[in-house]
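Here is the structure we will look at, set down as structure tokens.
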Number of protein chains: 2
Amino acid sequence: MARWEPNAQERLTQAALELFVGQGYDRTTVAEITDRAGLTKRTFFRHYADKREVLFLGQDQLTRLFTDAIKAAPTGATPLDAVTAALESAAAVFGQDRREFVRQRQSVIDANDDLRERELLKLARLTAAMATALRERGVADPTAGLAAEVGSLAFVRAFERWVSPSCEEKFATLAREALAELKAAAATLA
Amino acid sequence: MARWEPNAQERLTQAALELFVGQGYDRTTVAEITDRAGLTKRTFFRHYADKREVLFLGQDQLTRLFTDAIKAAPTGATPLDAVTAALESAAAVFGQDRREFVRQRQSVIDANDDLRERELLKLARLTAAMATALRERGVADPTAGLAAEVGSLAFVRAFERWVSPSCEEKFATLAREALAELKAAAATLA
DNA sequence: AGCGTGATGACACTTGGTGTCGTCAGTGCT
DNA sequence: AGCACTGACGACACCAAGTGTCATCACGCT
């Protein structure tokens with residue numbers, strides 16, 4: 001038998017989300033979280049760089065999903081084709097089973113400025129990763145950055161709809177719609 | 001004669017920037033800043049919501065410059081025309097005389113993750129303000145958001161060039177170039 | 001049995017940030 | 001002149017995030 005209960009990190013995440021939902025992010029101390037998880041404050045910061053990160057785990061995985069899909073896109077694919085593939089591959093993380101969890105998480109983030117700030121940082125990193133992946137497949141620079149930005153914007157819009165109350169659509173569908181809308185809008189810009 | 005030396009806020013900004021440049025942002029405490037400025041820690045937080053904000057004053061002014069220019073654009077102007085006007089009006093803040101100050105400030109921001117995070121928040125607010133201003137002049141939603149995003153991207157690229165070492169170009173010129181590049185890239189996306 | 005390893009606890013410490021109250025120059029009103 | 005009011009600041013106590021450091025002890029390996 002183990003010296004401690006297993007799944008420390010998972011218990012921390014669970015406890016944190018419950019408390020955040022129940023009483024708000026900033027009215028919850030790290031000590032409260034670790035008490036509920038049966039751990040100490042010091043251990044919390046061994047698993048998460050700071051208090052906000054407990055809500056942003058798995059972001060790296062999402063980024064890898066995006067960049068892998070862009071790399072794997074066929075040679076003839078346009079930049080927006082590659083971005084489309086990236087968004088569709090993200091559907092693996094936004095399945096129907098995770099929807100309620102993601103909704104709760106998002107309601108916490110939306111209610112706090114510090115968390116929205118962190119969310120923007122993660123999104124910016126995602127966008128930068130897409131741009132890099134596009135450049136690596138030979139897309140020239142102004143276009144690579146723009147395509148990544150369009151993809152990022154489509155992702156945000158699709159995500160907003162996906163987590164909105166009473167939405168039942170699949171993420172991949174919403175992503176395709178958002179991208180098509182933006183593609184049409186891009187044509188009218190020039 | 002006044003009870004205290006005047007220009008408290010200005011002295012705080014000055015002291016903070018000097019210390020940040022000299023020894024780094026995170027190796028500088030608020031107490032050090034206020035000591036140098038001849039004030040107390042409490043007073044610092046009366047002028048700035050948090051330690052980072054001391055580097056982001058005047059951001060609201062920039063946002064107002066942008067939105068005012070978009071509002072003032074002629075009725076027949078396309079979304080990108082309005083955005084172009086916004087970027088050019090920002091040249092008022094990025095004059096040759098402020099260049100060295102902005103360069104120092106930016107080197108501090110680039111060296112610290114927390115500050116980059118705050119910078120992204122400010123940029124996101126700027127983008128959102130542009131999108132709102134565009135919507136208020138009747139631009140439909142996918143286009144308004146996209147045009148704002150393109151303007152934001154152009155702003156970032158122009159700014160990066162403007163603060164890069166040994167750059168002598170005027171900001172307005174760089175902004176026009178960046179926007180023209182992105183406009184061309186947008187045409188190839190669809 | 002002995003040994004290293006890795007995750008955790010314990011605990012003191014620094015620093016960002018806030019609440020609260022006192023102080024006192026300037027301002028305006030009577 | 002006398003008065004109350006306001007606004008900017010200092011003083012001080014306090015809370016919570018985050019870090020450095022050392023001790024502990026189950027587990028696996030030899």
Side-chain angles (χ1 to χ4, degrees), chain A residues 1-57 108-109 111-119 121-122, chain B residues 1-57 108-109 111-119 121-122:
Chain A
M1 158 161 167
R3 184 174 175 196
W4 301 278
E5 297 301 314
N7 309 328
Q9 183 152 324
E10 206 172 312
R11 274 153 50 213
L12 284 172
T13 309
Q14 181 73 21
L17 186 62
E18 287 168 9
L19 287 168
F20 293 164
V21 167
Q23 62 190 39
Y25 173 80
D26 40 10
R27 275 180 303 283
T28 303
T29 69
V30 173
E32 285 180 286
I33 298 169
T34 52
D35 280 356
R36 175 178 279 238
L39 295 164
T40 63
K41 203 179 74 170
R42 195 65 185 88
T43 297
F44 181 94
F45 290 108
R46 286 195 180 98
H47 286 275
Y48 302 104
D50 57 54
K51 186 182 166 189
R52 306 178 214 171
E53 278 297 308
V54 72
L55 285 172
F56 292 96
L57 218 64
V108 173
I109 293 174
N112 182 276
D113 271 352
D114 286 351
L115 292 173
R116 297 212 42 236
E117 205 171 337
R118 177 59 53 88
E119 191 183 30
L121 177 67
K122 300 294 188 181
Chain B
M1 161 166 165
R3 186 173 172 196
W4 301 277
E5 297 301 314
N7 308 327
Q9 183 152 324
E10 204 172 313
R11 274 152 50 214
L12 284 172
T13 308
Q14 181 73 21
L17 186 61
E18 287 168 9
L19 288 168
F20 292 165
V21 168
Q23 62 190 40
Y25 173 80
D26 40 10
R27 275 179 304 283
T28 303
T29 69
V30 173
E32 285 180 286
I33 297 170
T34 52
D35 279 356
R36 174 177 281 238
L39 295 165
T40 64
K41 202 179 74 169
R42 195 66 186 85
T43 296
F44 180 94
F45 290 107
R46 285 198 181 96
H47 286 276
Y48 302 104
D50 58 53
K51 185 182 166 189
R52 307 178 212 170
E53 279 297 308
V54 71
L55 285 172
F56 292 96
L57 218 64
V108 173
I109 293 175
N112 183 274
D113 272 351
D114 287 350
L115 292 173
R116 297 211 41 236
E117 206 170 337
R118 178 58 52 88
E119 190 183 29
L121 177 68
K122 300 294 188 181

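The sequence lines fix the lettering, A, B, ..., with proteins before strands; numbering per chain opens at 1. Computed from a prediction, not measured in an experiment: that's the story for all the values here.
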Within this structure, what is the [atom1]-to-[atom2] distance between [X] and [N], rounded to whole angstrom?
X: A:D50; N: C:dG17; atom1: CG; atom2: P; result: 13 Å
X: B:F44; N: D:dG10; atom1: CZ; atom2: P; result: 14 Å
X: B:Y48; N: C:dT18; atom1: OH; atom2: P; result: 16 Å
X: A:R11; N: C:dA7; atom1: CZ; atom2: C1'; result: 12 Å
X: A:I33; N: D:dA17; atom1: CD1; atom2: C1'; result: 11 Å
X: A:L12; N: C:dA7; atom1: CG; atom2: P; result: 14 Å
X: A:F45; N: D:dG18; atom1: CZ; atom2: P; result: 5 Å
X: A:D26; N: C:dT18; atom1: CG; atom2: P; result: 11 Å

To the nearest 0.5 angstrom, please state how far the [atom1] atom of [X] sits from the [atom2] atom of [Y].
X: B:R52; Y: B:E117; atom1: CZ; atom2: CD; result: 6.0 Å
X: A:Q9; Y: A:L57; atom1: CD; atom2: CG; result: 5.5 Å
X: A:L55; Y: A:F20; atom1: CG; atom2: CZ; result: 5.5 Å
X: B:L19; Y: B:L17; atom1: CG; atom2: CG; result: 9.0 Å
X: A:K41; Y: A:T29; atom1: NZ; atom2: OG1; result: 9.0 Å

Looking for any heavy atom pair under 4.0 Å, which part of the strands does A:A31 touch: base, sugar-phosphate only, or nothing?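 Result for A:A31 = nothing.
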Start with the C-alpha distance between A:F56 and A:L121, add both sets of side-chain angles, then the distance that settles side chain to side chain contact (heavy atoms under 4.5 Å, CB included), and finish with yes or no. CA-CA 11 Å; A:F56 292 96; A:L121 177 67; over 6 Å; no
Give a yes/no answer on whether the side chain of B:H47 brings an N or O atom under 4.0 Å of OP1 or OP2 in D:dA8.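 The answer is no; no side-chain N or O of B:H47 sits under 4.0 Å from OP1 or OP2.
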Using a 4.0 Å cut-off on protein heavy atoms (strictly under), produce a 5'-to-3' string for nucleotides 9-15 of chain C with B for base contact, S for backbone-only sugar-phosphate contact, and - for none. BBB---S
